[in-house]
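Each ligand, and each atom within it, is numbered from 1 in the order the structure gives. Values reported hereafter were calculated over all heavy atoms of this structure, with side chains retained and with hydrogens, waters and symmetry mates removed.
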Amino acid sequence: MPAHRAETLAAGDFATWLGSIGQALRDGTDSAVPCGACTACCSAGMFIHVGPDEAAARAAIPADLLVPAPGLPDGHSVMGHDRDGRCPMLVDGSCSIYDHRPQACRTYDCRVFTATGVVDADPARAGVMERASRWRFDYADAAAREQQASLLAAAATGQEPNPLGRALTAIAMSKTRG
Ligand code: SF4
Ligand code: SF4
């Protein structure tokens with residue numbers, strides 16, 4: 001009997017997406033990820049950065065959940081997770097502070113792994129990687145496919161030890177078409 005194949009997910013037009021994620025990285029514009037009911041990245045054992053100017057998020061998150069961010073100037077914080085890797089703001093399967101969630105959550109987009117071919121082998125990230133493996137981009141032309149090929153090559157030779165950082169660096173360095 002053939003193995004069950006997970007349903008694929010429409011990731012949108014590749015070149016358009018690359019332009020949008022590039023902008024999100026440059027100026028913090030929210031990423032419009034069609035997450036549906038997925039909350040995999042909210043239970044992936046991540047420390048969520050909260051900047052000093054994020055007043056709404058700071059007001060929404062209990063103060064005792066915010067600790068100084070290692071290696072960053074005073075005022076920068078991170079929010080940890082429980083033993084199972086879940087963000088404490090994830091309540092009954094959804095974000096309890098969605099309208100006031102931190103910038104890091106607003107810009108997070110698991111399609112960066114799909115686009116760059118970077119794999120995060122941390123078991124805590126298995127849900128995110130499963131989701132990333134199901135996205136399928138559309139390519140308007142051969143140039144878009146070449147654009148992704150160079151992104152894959154850049155990510156494959158990236159030196160950054162953190163997988164998310166490696167994917168984002170490759171994207172930040174890639175040229176989008178005007
Ligand atoms: S893992 Fe991806 S699809 Fe799931 S909630 Fe996070 S960004 Fe959305
Ligand atoms: S603050 Fe909300 S969106 Fe961000 S990780 Fe926690 S539950 Fe997810």
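- Of the candidates Ala57, Cys105, Gly93, Ser43, it is Cys105 that places a heavy atom closest to atom 4 (Fe) of ligand 2.
- With sequence neighbours excluded, the residues that form a side chain to side chain donor-acceptor pair (under 3.5 Å) with Asp30 are Arg106.
- A donor-acceptor pair under 3.5 Å is formed between the side chain of Glu54 and the backbone N or O of Gln103.
- Considering only non-hydrogen protein atoms, atom 2 (Fe) of ligand 2 sits nearest to Cys95 SG, 2.3 Å.
- Hydrophobic clustering, with ILVMFWY side chains joined whenever heavy atoms are under 4.5 angstrom apart, keeps Val67 apart from Leu65.
- In this structure, Trp17 and Phe137 have tilted ring planes: the angle between them lies in the 30° to 60° band.
- Under the rule for a ring-ring contact (aromatic ring centres under 6.0 Å, His included), His100 has no partner lying at least two apart in sequence or in another chain.
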Exercise. Does the side chain to side chain contact (heavy atoms under 4.5 Å, CB included) test come out yes or no for Met46 and Tyr108, once each step is laid out?
Worked result: CA-CA 11 Å; Met46 293 200 266; Tyr108 188 86; 3.8 Å; yes
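- At a cut-off of 2.8 Å, Cys87 does not coordinate atom 4 (Fe) of ligand 2 through any N, O or S atom.
- Neighbours of atom 6 (Fe) of ligand 1 restricted to protein N, O or S atoms under 2.8 Å: the count is 1.
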Donor-acceptor pairs under 3.5 Å, side chain of residues 70-78 to any protein atom, not counting sequence neighbours: which ones?
unit_1 : atom_1 : unit_2 : atom_2 : d
His76  : ND1    : His49  : NE2    : 2.8
Ser77  : OG     : Arg58  : NH1    : 3.3
Ser77  : OG     : Arg58  : NH2    : 2.9

